[in-house]
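Values reported hereafter were calculated over all heavy atoms of this structure, with side chains retained and with hydrogens, waters and symmetry mates removed. Nothing fancy with the numbering, it's 1 onward along the sequence. In listed order, ligands and their atoms are each counted from 1.
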Amino acid sequence: MTVQRIRSRFLVVGSGVAGLHTAWRASEFGDVLLLTKRSLFDSATSYAQGGIAAALGAGDSPELHRRDTLAAGAALCDAAAVEVLVEEGPARVRELQAAGAEFDLESDTGRLMLGREAAHSRKRIVHAHGDQTGAEVARTLVNRVRRHPRIKVIEKARVLDLLLHRGECAGVRASVRGHATEIVADVTVLATGGCGQVYRHTTNPVVATGDGYAIAHRAGVTLADMEFVQFHPTALDTPENPLALISEAVRGEGATLVNDAGVRFMRKQHRMAELAPRDIVARAIAREQRAGRHVFLDARKLSRVFSRRFPGILSLCLARGIDPRRDLIPVTPAAHYMMGGIVTDLRGRSSLDRLHAVGEVSCTGVHGANRLASNSLLEGLVFAERAARDIANVDPLRSAPRKREWRVTALEDRGAAQVSADLIREIMWRDVGVVRSASGLRSARQRLRDVGARLPEGATEEENLVQTAQLIVEAALRRKESRGGHYRSDYPRAKGIWRGRHIEL
Ligand SMILES: Cc1cc2nc3c(=O)[nH]c(=O)nc-3n(C[C@H](O)[C@H](O)[C@H](O)COP(=O)(O)OP(=O)(O)OC[C@H]3O[C@@H](n4cnc5c(N)ncnc54)[C@H](O)[C@@H]3O)c2cc1C
């Protein structure tokens, strides 16, 4: 079968908050083609529980939000990007509300009901249906995108690589339902989300295989901060993939962490006990697990509050035979968010002409070494808006690359590919997870090389997994200190010489 070719003014890859928002806003300036690997709703965005941070409350201000974001980022944030995030965030949230997002409102005043999360100095978390904010954001944006006459959506379209032409990005090569397809576009926007699937324990959906990082790296695009992975301390400890998240807000309401000897071990670790920063809680839990103990969240005293405040979490626990009002909830840390990614400027431009990146796959610098809770949906909205306005100004391609014949290689051995993926996830969890060291990282590097060399023909997603894992390992080996989400047992402290320094790959 011959290669099919599609031409579009703008091409957006990914249907999370960042891709959907870019497509919606860019359609004002031209035709948009939106590709997504599975369905429009398959994204981390749909999973987000807690909410969107924005300085909208009385007594709050972008300045206070800025300070909290910078403090979480451990001296690695880009000050200008943080400024943009906090200043433009409130308008984006209002706009989403005007577009139909049903955020929770105060019953007496009708104003947005704002929650508080760890490391935020004010109540500023906008949420929907209690703990289903992401699904509401996705629903709102999907409605906009589906209705728009200038946006064409192709689901089950997996981007494989960028099309490079005369030193610029001219579009992508994709498998559209198994059919070799070239999409030629004046501008390509990668909004492919994160890479939690490189780890055995993750809260990220199965689509989060790091495709965007690997695709960009293969094309020579600059990435940075790949060592900074945020591990959420409390995912529901089951044999599933992905793991269900038990939001920090449950600890915020008073749930405690205990080991199977009934000891509340966080008290000894930090003055804020269970509400210590995510990385500290995650490491303390990992330490318990290494000592052979299981860890549980005890939310029994929340009882009725639990059903009212966390209906989503309650039903996902009940579906697995756990009733948090009576039972202890088994928890484990899990890979949750990638702070690093494709380096972009404030307009979403990458180091490659005609390629933009937005959302989790990008590295705008707003998160630094550690993301402040609920800042990622916000980042998706704010920088997608900026990227959409910027791409309107990009000139049409002067010439298109010549079409050449190629085929989508069918995966010969799905079982073998699955074994490889499991191996990668295991290696990463053991040696490149919550606690890292030079010896573990070197062993991971070697083992990943071996797995990569033995991947079966056609295992393109697993290839992306290996390459993204290798980027994390390389950056983690080079950063000989501990900072934010990156912790090395052989260099357990932050070092002055690493302050403000980024590892680019
Ligand atoms: C369980 C959970 C809870 C969270 N809670 C919050 C929260 O409360 N607040 C907050 O701010 N953040 C939260 N986050 C983080 C936040 O959800 C994500 O960072 C954010 O949604 C990322 O948006 P995105 O648009 O960049 O990527 P995603 O929403 O992940 O979307 C990526 C899209 O790209 C597609 N894609 C990937 N590869 C390809 C390819 N090769 N070809 C075609 N398409 C591709 C995917 O299918 C998907 O549609 C949470 C994350 C998780 C997992």
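Counting the atoms of ligand 1 from 1 in the order shown, those under 4.0 Å from a heavy atom of V13 are 42 (N), 43 (C), 44 (N). If you number the atoms of ligand 1 from 1 as listed, the ones under 4.0 Å from a heavy atom of D211 come out as 38 (N), 39 (C), 40 (C), 41 (N). Interface of S15 with ligand 1, defined as ligand atoms under 4.0 Å from a residue heavy atom, comprises 33 (C), 34 (O), 48 (C), 49 (O). The G193 neighbourhood of ligand 1 comprises atoms 26 (O), 27 (O), 30 (O), 32 (C), with distances under 4.0 Å to a heavy atom of that residue. Those atoms of ligand 1 with a heavy atom of A48 less than 4.0 angstrom away are 3 (C), 4 (C), 5 (N), 6 (C), 7 (C), 13 (C), 17 (O). Applying the 4.0 Å criterion to heavy atoms of R158 picks out, from ligand 1, the atoms 41 (N), 42 (N). For ligand 1, the atoms sitting less than 4.0 Å from at least one non-hydrogen atom of V207 are 46 (C), 47 (O), numbered in the order shown with element in parentheses.
Listed for the R139 side chain is a donor-acceptor partner under 3.5 Å among the backbone atoms of G100. Checked by atom type and distance alone, the side chain of R483 pairs as donor or acceptor with a backbone atom of A74 at under 3.5 Å.
Look at A191 and you'll find a heavy atom under 4.0 Å from some atom of ligand 1. Residue contacts with ligand 1 do not include G134, since none of its heavy atoms lies under 4.0 Å from the ligand. Contact analysis leaves A208 out of contact with ligand 1, as no non-hydrogen atom separation drops below 4.0 angstrom. Close to ligand 1: T36, with a non-hydrogen atom less than 4.0 angstrom away.
Ring to ring, H367 and F228 are not that close: their centroids are 6.0 angstrom or more apart. For H201 and W429, the ring centers sit closer than 6.0 Å to each other.
Taking 4.5 Å as the limit, every side-chain heavy atom of K123 sits out of range of all side-chain heavy atoms of D60. Residues M428 and L448 are in side-chain contact: their nearest non-hydrogen atoms beyond the backbone lie under 4.5 Å apart.
Between atom 43 (C) of ligand 1 and the options G14, A357, A373, A157, the minimum heavy-atom separation is to A157. Around atom 44 (N) of ligand 1, the closest heavy atom drawn from Q132, K37, Q230 belongs to K37. Heavy-atom proximity to atom 2 (C) of ligand 1, evaluated over E379, H367, Q49, H336, is greatest for H336. Nearest to atom 14 (N) of ligand 1 by heavy atom, out of S376, G19, G194, is S376.
Defined by atom type and a distance below 3.5 Å, a donor-acceptor pair is missing between the side-chain atoms of H232 and T203.
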Run E88 and R386 through salt bridge (Lys or Arg N to Asp or Glu O under 4.0 Å) and show every step you take. CA-CA 10 Å; E88 298 179 11; R386 291 184 143 245; 2.8 Å; yes
Give the C-alpha distance, both sets of side-chain angles, the deciding distance and a yes or no for salt bridge (Lys or Arg N to Asp or Glu O under 4.0 Å) between E182 and K403. CA-CA 8 Å; E182 288 183 356; K403 203 162 92 170; over 6 Å; no
Would R67 and S121 count as a side chain to side chain donor-acceptor pair (under 3.5 Å) here? Give the steps. CA-CA 9 Å; R67 278 190 222 160; S121 58; over 6 Å; no
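Contact annotation: for S46 versus ligand 1, there are no heavy atoms closer than 4.0 Å. Within the 4.0 Å heavy-atom criterion, the part of D42 lying near ligand 1 is the backbone and not the side chain. If you look at I52 next to ligand 1, there are no close heavy atoms at all, none under 4.0 Å.
Between R124 and D68 there is a salt bridge, since at least one side-chain N of the basic residue sits less than 4.0 Å from a carboxylate O of the acidic one. In this structure, E240 pairs ionically with R320, as a charged nitrogen and a carboxylate oxygen lie closer than 4.0 Å.
In terms of protein heavy atoms, atom 22 (C) of ligand 1 is closest to E360 OE1, 3.8 Å.
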